[in-house]
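The sequence lines fix the lettering, A, B, ..., with proteins before strands; numbering per chain opens at 1.
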Amino acid sequence: NAGVTQTPKFQVLKTGQSMTLQCAQDMNHEYMSWYRQDPGMGLRLIHYSVGAGITDQGEVPNGYNVSRSTTEDFPLRLLSAAPSQTSVYFCASSTPGHTDTQYFGPGTRLTVL
Amino acid sequence: DAKTTQPTSMDCAEGRAANLPCNHSTISGNEYVYWYRQIHSQGPQYIIHGLKNNETNEMASLIITEDRKSSTLILPHATLRDTAVYYCIVRVGTYKYIFGTGTRLKVLA
């Protein structure tokens, strides 16, 4: 299993540009989440999904859109990038239940100029 | 939502036990405590979790106080590869994790 994969690894955008961060998992996990991590900080939840076709907002959803058309994929869209969105983005997946161990991807480092 | 408080940093000698404390004084009765670690800037890695009872696995032990207001992660024989940021996290509901800023553990040779 590849686990959770994210592309790209690095990205530089100009203010106002849009882009999509890709996340895929091959573990047939129902739950998928997006987090951002700012320098010296912990992770903050952006959006999450409990299954195909179902998404919801986390702590910091503004400026981001998500959709979940398949179990495997959970892309994160930045509609109009802002410097405040400069961060490292992590995708995670898990299965429901009391264990609910999350498996994280390697991250995408995004810089918005 | 429950929040956690951890020391900013700790040092531990290689081969000794590393005891990482966490305060979660506002935790609710059905909220689990999870521990993850992050090595360099990689994605966080699951270590252990618990609700009320102490837990042990191949990586670590988790001691939760009887009132559940604090817990301690124990790495029994720390190695240089255990140098990382350790996050004590409260899970709210089924899928919402609240991360703090974590403890930066440095294992010294």
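Heavy atoms of A:Leu45 lying under 4.5 Å from chain B belong exclusively to its side chain. If you measure heavy-atom distances from A:Arg44 to chain B, you find no contacts under 4.5 Å at all. The part of A:Val50 that comes within reach of chain B is its side chain, from C-beta onward, which places non-hydrogen atoms under 4.5 angstrom from that chain. At a 4.5 Å heavy-atom cutoff, the contact between A:Tyr35 and chain B is made by side-chain atoms alone. Interface residue A:Glu59: only side-chain heavy atoms are found under 4.5 Å from chain B.
When every heavy atom of B:Tyr46 is checked against every heavy atom of A:Gln102, the shortest pair comes out as CB-O, 4.5 Å. The minimum heavy-atom distance linking A:Gln37 with B:Tyr87 is given by the pair NE2-OH, 3.0 Å.
Taken together through direct or relayed side-chain contacts under 4.5 Å among Ile, Leu, Val, Met, Phe, Trp and Tyr, A:Val88 and A:Tyr103 form parts of separate hydrophobic clusters. Note on B:Leu20: it clusters hydrophobically with B:Ile27, by side-chain heavy-atom contacts below 4.5 Å among ILVMFWY residues. Under the 4.5 Å side-chain heavy-atom criterion for grouping Ile, Leu, Val, Met, Phe, Trp and Tyr, A:Phe90 is not connected to A:Met32 through any hydrophobic cluster. Hydrophobic clustering (side-chain heavy atoms under 4.5 Å, transitive across Ile, Leu, Val, Met, Phe, Trp, Tyr) keeps B:Val33 apart from B:Ile63. No single ILVMFWY cluster, assembled from side-chain heavy atoms under 4.5 Å apart, contains both A:Tyr31 and A:Phe74.
Summarising the local packing, CZ of A:Arg109 is surrounded by 12 or fewer heavy atoms from other residues, nucleotides or ligands at distances under 6.0 Å.
In this structure, A:Leu43 and B:Pro44 have side chains that are in contact, with non-hydrogen atoms separated by less than 4.5 Å.
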